[in-house]
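What follows is one structure encoded as structure tokens, with my remarks underneath.
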Amino acid sequence: VQLQASGGGLVQAGDSLRLSCAASGRAFSSYAVGWFRQAPGKERVFAALITSGGSTNYADSVKGRFTISRDNAKNTVFLQMNTLKPEDTAVYYCAADRSTTSIMRNKGIDYWGKGTQVTVSS
């Protein structure tokens, strides 16, 4: 599985962005997919997850503002980000694994995409 994240950009606080994670490879629908983010000088951390069955989970910092979804017919996972804040500034990565636990724990994840930069100005 190869992943490609896109959709980042420079926005103002309060604006919205939608990130996309396009996957190539078979059986993508059987993978859990997560979005992670890494702010300058900080570790990469979990932001959102969608399971193969469509269940979702969010970090407290994004809950209520971000929505993760997937379109298996298009092999794509989306992250809709609303009411963006300057502290959301980071490089955003998507990742896929057959194990939801691996995604949640950010350990032993099989596949990572290259990141896309999101910058939120105040």
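Worth knowing before you read on, the calculation uses all heavy atoms, side chains too, and leaves out hydrogens, waters and symmetry mates. This is a predicted model, so every value here is computed, not measured. Nothing fancy with the numbering, it's 1 onward along the sequence.
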Original post:
Hey, what do you get for SG (Cys94) to CG (Leu19), rounding to the nearest 0.5 Å?
Top reply: 9.0 Å
**OP:** Ignoring hydrogens and angles, state whether a donor on the side chain of Ser16 or Asn82 is under 3.5 Å from an acceptor on the partner side chain.
**Re:** yes
Original post:
Taking it one step at a time, do Thr67 and Tyr58 satisfy side-chain contact (heavy atoms from CB on, under 4.5 Å)?
Top reply: CA-CA 8 Å; Thr67 302; Tyr58 300 92; 3.9 Å; yes
Original post:
Hey, is the main chain of Val120 close enough, under 3.5 Å, to the side chain of Thr89 for a donor-acceptor pair?
Top reply: yes
**OP:** Please round to the nearest 0.5 Å and tell me the distance separating atom CG of Asn75 and atom CZ of Phe28.
**Re:** 6.0 Å
Subject >> Cluster check Val118, Val77: I/L/V/M/F/W/Y, side chain < 4.5 angstrom >> reply: yes
Original post:
Just checking, any donor-acceptor pair under 3.5 angstrom between side chains of Ser30 and Arg98?
Top reply: yes
Subject >> Test side-chain contact (heavy atoms from CB on, under 4.5 Å) applied to Arg65 and Gln80, Met81, Lys85, the passing residue >> reply: Lys85
Original post:
Of all heavy-atom pairs between Val1 and Leu3, which one has the smallest distance, and what is that distance?
Top reply: CG1-CD2, 3.7 Å
**OP:** Can you measure from CZ (Phe66) to OG1 (Thr83) and round to the nearest 0.5 angstrom?
**Re:** 9.0 Å
Original post:
Which atoms form the tightest heavy-atom contact between Phe46 and Ala59, and what is the distance?
Top reply: O-CB, 3.5 Å
Original post:
Ser99 and Ser102: which non-hydrogen atoms are nearest, and at how many Å?
Top reply: OG-N, 3.1 Å
Original post:
Counting only heavy atoms not in Gln2, do more than 12 sit closer than 6.0 Å to its CD atom?
Top reply: no
Original post:
Which pair of non-hydrogen atoms, one from Leu79 and one from Tyr92, has the smallest distance, and what is that distance?
Top reply: CD2-CD2, 4.3 Å
Subject >> OG-CZ distance between Ser69 and Phe78, expressed to the nearest 0.5 angstrom >> reply: 6.0 Å
Original post:
Do Thr100 and Leu49 have side-chain heavy atoms sitting under 4.5 Å apart?
Top reply: yes
**OP:** Might you point out which heavy atoms bring Ser122 and Ala13 nearest each other, and give the distance in Å?
**Re:** CA-CB, 4.4 Å
Without placing hydrogens or testing angles, list every side-chain donor-acceptor pair under 3.5 Å for residues 106-114, not counting sequence neighbours.
unit_1: Asn106; atom_1: ND2; unit_2: Arg44; atom_2: O; d: 3.4

Original post:
Is it the case that one hydrophobic cluster holds both Met104 and Phe36, taking links as side-chain heavy atoms less than 4.5 Å apart, direct or via other members?
Top reply: yes
Subject >> Nearest-0.5 Å distance, SG of residue Cys21 to CZ of residue Arg70 >> reply: 9.5 Å
Subject >> Audit row: Arg37, Ser61, side-chain hydrogen bond (donor to acceptor under 3.5 Å, both in side chains) steps and yes/no >> reply: CA-CA 12 Å; Arg37 60 186 188 178; Ser61 57; 3.3 Å; yes
**OP:** Quick one: do Val33 and Ile103 satisfy side-chain contact (heavy atoms from CB on, under 4.5 Å)? Show the steps, please.
**Re:** CA-CA 7 Å; Val33 178; Ile103 298 286; over 6 Å; no
**OP:** May I ask you to check whether Thr119 and Gln117 show a side-chain donor-acceptor distance below 3.5 Å?
**Re:** yes
Subject >> Minimal non-hydrogen separation, Gly7 against Leu17, with atom names >> reply: O-CD2, 3.7 Å
Original post:
Out of curiosity, Ser55 OG to Ile68 CD1, how far, rounded to the nearest 0.5 Å?
Top reply: 11.5 Å
